[in-house]
Amino acid sequence: MPRKNLTVNRSRLSHRIAYALRHPGRVPAHLRRAGRDAWLRYRSPDHVSYYRAVMRSDTARSPESAVGSACRERWLALGAMQFDYLVSHGLTTRDRMLEIGCGNLRAGWRFIRYLDTGHYYGIDISPDILFAAQDTVAEFDLCDKRPTLTPVRDLTFAFLPDAHFTVVHAHSVFSHSPIEVIEECFAHVGRILHPNGWFDFTFGRTEKEAHHVLREDFYYRTATLVALAEKHGLRARFMDDWEELPHGQSKIRVTHGSEVAARR
């Protein structure tokens, strides 16, 4: 995979024109997407309802492409990459895992198979993609592992127990989220995270100003997200070795502040 371009602003007209000139074959698909997104934004009062509509549209065409996989082989490869990374960075079979934006279980089916029975909890704002997740559970014969799959309206986690999850995981969630959604997650994830637990998330990284494309793809500076986590009493660390893998996003690991872990 080419190196990330960390200085380009993809929202600028000059970039879009230059990109269209370099890739004229992609212009019709982009225009269709822009038209669809404009209509969905008009009909949706907030970002979560807008993106839920996006997922409904994308899932109807292909659950794999709805979660960002161009084909079944890529879906499997990206899921394996997430799973292998977390196992090599501390995930054990005993962990109680919450996956935010679990989608159709691209990585989730591997987590379910690996974790102790009943230790996987997946949430998503899209009921449609969770129907596809149910199909994945059946396809890989994981019903006896008793995973929980739940649709949510926000990231306040109000229905989840205090200090329960030792691992929280969000892959390709913040890359599609405005900053107020990310802050909502940071404001509440500490309550459900075990004192010795950790929260890994990926994001679209830029070294310039934050920006978005069509309110679907968001790019943030690492320092912005680290500071936002610290605002809510969390400690954030950039995961350099994730950058070595063939994936277009970056990764941060969040843990409780030292005073919380010390009380354990």
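All heavy atoms count here, side chains included; hydrogens, waters and symmetry mates do not.
- Across Leu91, Asp95, Thr92, a single residue satisfies side chain to side chain contact (heavy atoms under 4.5 Å, CB included) together with Thr166, and that is Asp95.
- The side-chain heavy atoms of His188 and His232, taken from C-beta on, include no pair separated by under 4.5 Å.
- Side-chain contact check for Leu155 versus Val181: some heavy-atom pair is nearer than 4.5 Å.
- Met97 approaches Leu86 most closely through the heavy-atom pair CE-CD2, 3.8 Å.
- The side chain to side chain donor-acceptor pair (under 3.5 Å) contacts involving residues 98-114 comprise Ser69-Arg106, Trp75-Asn104, Glu99-Tyr120, Glu99-His169, where partners must be two or more places apart or lie in separate chains.
- For the atom pair Phe157 CZ and Asp162 CG, the distance stands at 13.0 Å (nearest 0.5 Å).
- Remark: Arg61 CZ is packed, more than 12 non-hydrogen atoms of other residues, nucleotides or ligands lying under 6.0 Å away.
- Between Phe201 and the choices Phe238, Phe186, Tyr220, the ring pair (Phe, Tyr, Trp, His ring centres under 6.0 Å) rule is met once, by Phe186.
- Distance alone, capped at 3.5 Å, is enough to place a donor-acceptor pair between the Arg96 side chain and the His164 backbone.
- Annotation: the span from Ser88 atom OG to Asp241 atom CG amounts to 7.0 Å, rounded to 0.5 Å.
- Residues Leu149 and Gln134 meet the side-chain proximity criterion, which asks for heavy atoms closer than 4.5 Å.
- Taking CD1 from Ile129 and OG1 from Thr59, the interatomic distance works out to 3.5 Å, rounded to the nearest 0.5 Å.
- In this structure, Leu234 and Gly190 approach most closely via the heavy-atom pair CD2-CA, 4.3 Å.
- The shortest non-hydrogen separation linking Gln249 to Ser172 is NE2-OG, 2.9 Å.
- By the 4.5 Å heavy-atom criterion applied to side chains, Leu115 and Thr93 are not counted as neighbours.
- Proximity of Glu73 to Leu76: side-chain heavy atoms (C-beta onward) are nowhere separated by under 4.5 Å.
- Ring centers of Tyr219 and His211: under 6.0 Å apart, within the cut-off.
- Nearest heavy-atom pair across Val137 and Pro147 is CG2-CG, 4.1 Å.
- For the atom pair CZ of Phe140 and CG of Leu105, the computed distance is 9.5 Å after rounding to the nearest 0.5 Å.
- When atom types are taken as modelled, the side chain of Asp46 and the backbone of Ser49 share a donor-acceptor pair closer than 3.5 angstrom.
- Between Asp58 and Arg36, at least one side-chain nitrogen of the basic residue sits less than 4.0 Å from a carboxylate oxygen of the acidic one, meeting the salt-bridge criterion.
- With hydrogens and angles ignored, the 3.5 Å screen pairs no side-chain donor or acceptor of Ser44 with any backbone N or O of Arg41.
- Under the 4.5 Å side-chain criterion, counting only non-hydrogen atoms from C-beta, His212 is not in contact with Pro178.
- Residues in residues 242-255 take part in these salt bridge (Lys or Arg N to Asp or Glu O under 4.0 Å) pairs, two or more places apart or across chains: Lys4-Glu243, Asp200-Lys251, Asp200-Arg253, Arg205-Glu243.
- Contacts classified as salt bridge (Lys or Arg N to Asp or Glu O under 4.0 Å) and involving residues 126-151 (residues at least two apart or in different chains) are given here: Arg56-Asp128, Arg72-Glu139.
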Please step through side-chain contact (heavy atoms from CB on, under 4.5 Å) for the pair Arg153 and Ile125, ending with a clear verdict. CA-CA 6 Å; Arg153 294 169 292 185; Ile125 64 167; over 6 Å; no

Worked verdict on Leu98 versus Ile123 for side-chain contact (heavy atoms from CB on, under 4.5 Å): CA-CA 8 Å; Leu98 172 68; Ile123 61 174; 4.1 Å; yes

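- To the nearest 0.5 Å, atoms CG (Asp154) and NE2 (His47) are separated by 13.0 Å.
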Given the rule in the side-chain contact (heavy atoms from CB on, under 4.5 Å) test, do Ser177 and Phe203 qualify, once you have shown the distances and angles that lead to the verdict? CA-CA 9 Å; Ser177 300; Phe203 67 103; over 6 Å; no

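- In terms of the side-chain hydrogen bond (donor to acceptor under 3.5 Å, both in side chains) criterion, residue partners of Glu209 (sequence neighbours excluded) are, by chain and number, Asn9, Arg12.
- Minimum interatomic distance between Arg191 and Leu160 (heavy atoms only, all atoms of both residues): NH1-O, 2.9 Å.
- To the nearest 0.5 Å, atoms CZ (Phe174) and CZ (Phe218) are separated by 12.5 Å.
- In this structure, the side chains of Tyr121 and Thr150 come closer than 4.5 Å at one or more pairs of heavy atoms.
- The heavy-atom pair separating Leu130 from Cys102 by the smallest distance is CD2-SG, 3.6 Å.
- Val54 and Phe131 fall into different hydrophobic clusters, where Ile, Leu, Val, Met, Phe, Trp and Tyr residues are linked whenever their side-chain heavy atoms come under 4.5 Å apart, directly or through other members.
- A donor atom on one side chain and an acceptor atom on the other are found under 3.5 Å apart for His247 and His171.
- Of the possible donor and acceptor atoms, one in the side chain of His89 sits under 3.5 Å from a partner among the backbone N and O of Tyr85.
- The salt bridge (Lys or Arg N to Asp or Glu O under 4.0 Å) pairs that include a residue from residues 173-190 are Glu183-Lys231, where partners are two or more places apart or lie in different chains.
- In summary, the aromatic rings of Phe165 and His194 are positioned with their centroids too far apart to meet the 6.0 Å limit.
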For a side-chain contact (heavy atoms from CB on, under 4.5 Å) check, start with the C-alpha distance between Trp242 and Thr202, then their side-chain angles and the critical distance, and finish with the verdict. CA-CA 10 Å; Trp242 174 262; Thr202 62; 4.2 Å; yes

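- Heavy atoms of other residues, nucleotides or ligands lying less than 6.0 angstrom from OH of Tyr42 number 12 at most.
- With a 4.5 Å cut-off on side-chain heavy atoms, Ile100 and Phe199 count as touching.
- Legend: residues meeting side-chain hydrogen bond (donor to acceptor under 3.5 Å, both in side chains) with Asp37, ordered by chain and number and at least two apart, are Tyr50.
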